[in-house]
Amino acid sequence: MSDSKFQEIGRILREHRRFAILGHVRPDGDALGSQLALALSLQVLGKEVRVWNEDGMLEKYSFLPRAQLLTKPPQPAEDFDVAIALDTAIQNRLGTALPAVRSAKIWINIDHHLSNPGYGDVAYIDSSAPATAEIIFRLIKSENLPFNRDIAENLYAAISTDTGSFQYPKTSAHTFEIAAELIRTGIDVGRLSQLLYEDYPRRRLELLRELLRVMRFRRDGRVASFGLSLKTADELGVLPEDNEGLIDHLRAVHGVIVAVFFEELSDGKVRVSMRSKTEVVDVCAICQKFGGGGHALAAGARISGTLPEVEEKVLAEVCARIESLGSNTVLK
Ligand code: AMP
Ligand code: MN
Ligand code: MN
């Protein structure tokens with residue numbers, strides 16, 4: 001992607017005063033960390049910033065520097081010079097943060113999702129980036145925007161979580177170079193990693209126990225899935241954020257190509273999370289058939305219907321895709 005796009009965004013950031021920085025519903029570390037990092041940089045520039053997300057700051061990420069800046073969108077809606085959507089594949093994934101912006105002269109869209117159609121007045125989409133935070137880092141550096149340790153810590157947390165701790169395929173030498181530069185600001189990597197990965201509530205493990213009890217394998221173990229009903233979630237007392245990443249246990253099983261997690265939501269829909277181990281099976285394409293999107297190896301959708309209905313419909317599509325590979329297809 002050209003530097004001229006960064007120059008255009010840099011100019012817009014410098015020339016305006018009031019900013020809304022938004023991220024997707026059910027935020028993850030990349031959305032939250034990217035939002036906070038960009039907001040902190042703009043604050044140092046003297047800008048007025050609002051940092052909104054439908055769900056507000058999650059308890060599990062509340063240790064991020066200046067986490068309290070990030071809130072649920074208030075009522076009534078507000079007017080801005082510039083609204084910036086981060087890490088958000090389609091605009092309606094901004095949820096209630098979208099109508100909270102009554103007006104904005106310019107909409108900027110910065111993201112790394114393959115399926116992002118490039119909505120907004122200025123879009124910077126780089127699907128080769130392993131995290132939106134990597135693009136934010138490059139923007140800050142190339143436009144010489146304010147940078148400090150708090151910003152670095154938010155970016156590090158975002159990149160670490162979206163790369164599965166620097167393991168997923170899009171993790172590059174450049175990602176490690178960025179990480180090195182972030183760490184040089186004085187980040188305590190051990191402490192931060194512990195807060196990110198080794199500090200979860202006991203109920204998360206109790207949820208995992210339940211999911212492992214109901215997990216199923218299909219098509220010679222190449223498709224793995226589990227589902228969570230509202231009733232079970234309620235009985236276990238789990239929060240939505242508790243299930244982030246549990247699907248990785250399914251994907252990690254030898255022979256599994258596609259892993260699927262189904263979560264019943266209170267609005268009559270089911271949230272589907274899908275992971276693939278190979279680009280040969282593009283789960284973004286499968287999820288797009290159901291109105292969702294994401295990346296080739298990690299995608300999702302929200303589908304109307306009961307948990308069993310959605311499970312059947314989606315697994316039929318996944319199994320058909322796996323069958324089309326032929327029975328000899330095994331992972332290298
Ligand atoms: P998740 O399984 O929720 O971790 O999401 C995996 C990837 O797919 C993330 O990059 C999401 O942003 C994207 N994604 C999840 N759900 C949707 C959806 N309903 N529409 C578009 N993209 C989605
Ligand atoms: Mn995200
Ligand atoms: Mn991301």
Side-chain angles (χ1 to χ4, degrees), residues 21-38 53-55 58 60-61 70 85-95 97-98 109-119 124-137 154-164 166 168-171 175 211 225-228 240-251 258-263 265 267 269-276 282-305 310 314 318:
I21 302 181
L22 315 173
H24 62 80
V25 295
R26 292 291 289 268
D28 48 25
D30 188 27
L32 298 171
S34 296
Q35 283 181 266
L36 285 171
L38 183 57
N53 200 302
E54 173 168 307
D55 304 86
L58 305 182
K60 65 189 264 193
Y61 289 116
L70 202 151
L86 299 181
D87 198 42
T88 304
I90 39 178
Q91 207 173 17
N92 73 10
R93 292 252 305 148
L94 292 171
L98 182 58
N109 166 12
I110 301 175
D111 188 26
H112 68 131
H113 289 96
L114 181 70
S115 61
N116 193 309
Y119 59 86
Y124 191 105
I125 315 300
D126 179 1
S127 65
S128 73
T132 296
E134 193 172 301
I135 307 174
I136 299 297
F137 176 84
N154 276 296
L155 291 176
Y156 186 92
I159 294 172
S160 175
T161 51
D162 244 31
T163 56
F166 302 94
Y168 297 156
K170 283 181 191 165
T171 308
T175 313
L211 292 174
S225 67
F226 48 43
L228 175 64
E241 68 197 64
D242 292 331
N243 66 49
E244 188 187 346
L246 294 182
I247 190 174
D248 296 343
H249 289 279
L250 291 183
R251 174 174 47 192
V258 176
V260 198
F261 171 51
F262 298 93
E263 179 191 358
L265 302 175
D267 62 359
K269 289 188 176 170
V270 175
R271 170 176 169 263
V272 180
S273 254
M274 224 180 267
R275 300 289 184 269
S276 169
D282 175 354
V283 288
C284 181
I286 297 175
C287 287
Q288 280 182 311
K289 288 190 175 180
F290 297 100
H295 313 278
L297 302 184
R302 284 178 182 224
I303 305 171
S304 296
V310 173
V314 171
V318 172

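Atoms within a ligand are numbered from 1 in the order they appear, just like the ligands themselves.
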Asp248: partners by side chain to side chain contact (heavy atoms under 4.5 Å, CB included), with sequence neighbours left out: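 Applying side chain to side chain contact (heavy atoms under 4.5 Å, CB included) to Asp248 gives Tyr168, Arg251, Arg275.
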Which residues pass the side chain to side chain contact (heavy atoms under 4.5 Å, CB included) test with Ala158, sequence neighbours left out?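 Here the qualifying residues are Asp30, Ser34, Ala133.
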Within the side chain of His24, is there an N or O that forms a donor-acceptor pair under 3.5 Å with the backbone of Arg93?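 Pair absent, no side-chain N/O of His24 close to backbone of Arg93.
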Please check if the side chain of Lys170 supplies one atom and the backbone of Ser127 the other of a donor-acceptor pair under 3.5 Å. yes
Suppose I only count heavy atoms of [X] and a 4.0 Å limit; which atoms of ligand 1 are within that range?
| X | answer |
| --- | --- |
| Arg302 | 19 (N) |
| Gly294 | 8 (O), 13 (C), 22 (N) |
| His295 | 10 (O) |

For [atom], what is the closest protein heavy atom, and at what distance to 0.1 Å?
| atom | value |
| --- | --- |
| atom 15 (C) of ligand 1 | Gly300 CA, 3.5 Å |
| atom 3 (O) of ligand 1 | Arg271 NH2, 3.0 Å |
| atom 2 (O) of ligand 1 | Ser273 OG, 2.4 Å |
| atom 8 (O) of ligand 1 | Ala299 CA, 3.2 Å |
| atom 6 (C) of ligand 1 | Arg275 NH1, 3.6 Å |
| atom 7 (C) of ligand 1 | Ala298 O, 3.4 Å |

Does ligand 1 have an atom that lies less than 4.0 angstrom from a heavy atom of His24?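 Heavy atoms of His24 never come under 4.0 Å of ligand 1.
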Heavy-atom gap Glu244 to ligand 1 smaller than 4.0 Å: no
To the nearest 0.5 Å, tell me how far [X] [atom1] sits from [Y] [atom2].
| X | Y | atom1 | atom2 | result |
| --- | --- | --- | --- | --- |
| Thr132 | His112 | OG1 | NE2 | 3.5 Å |
| Asp87 | Leu32 | CG | CG | 9.0 Å |
| Leu86 | Ile21 | CG | CD1 | 6.5 Å |
| Ile135 | Ser128 | CD1 | OG | 8.0 Å |

Only one of Lys269, Arg302, Arg26 clears side chain to side chain donor-acceptor pair (under 3.5 Å) with Glu263; which?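 Exactly one option meets the side chain to side chain donor-acceptor pair (under 3.5 Å) with Glu263, and it is Arg26.
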Do the side chains of Gln91 and Thr88 get nearer than 4.5 Å, heavy atoms only?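 When only atoms from C-beta onward are counted, Gln91 and Thr88 do not touch, as no gap falls below 4.5 Å.
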Side chains of Thr175 and Glu134: any donor to acceptor distance under 3.5 Å? yes
Hey, looking at atom 10 (O) of ligand 1, which of His112, His113, Arg93, Arg26 has the closest heavy atom?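 Looking at heavy atoms only, the winner is His113.
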Hey, looking at atom 21 (C) of ligand 1, which of Gly23, Ala301, Gly293 has the closest heavy atom?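 Ranked by closest heavy atom to atom 21 (C) of ligand 1, first place is Gly293.
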Donor-acceptor contacts, no H, no angles, side chain residues 282-297, under 3.5 Å, sequence neighbours left out:
from: Asp282; atom 1: OD1; to: Cys284; atom 2: N; distance (Å): 2.9
from: Asp282; atom 1: OD1; to: Ala285; atom 2: N; distance (Å): 3.2
from: Lys289; atom 1: NZ; to: Glu317; atom 2: OE2; distance (Å): 2.7
from: His295; atom 1: NE2; to: His113; atom 2: NE2; distance (Å): 3.3

Counting only protein N/O/S, how many atoms fall short of 2.8 Å from the Mn ion (ligand 3)?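 Every protein N, O or S atom under 2.8 Å from the Mn ion (ligand 3) counted, the figure is 4.
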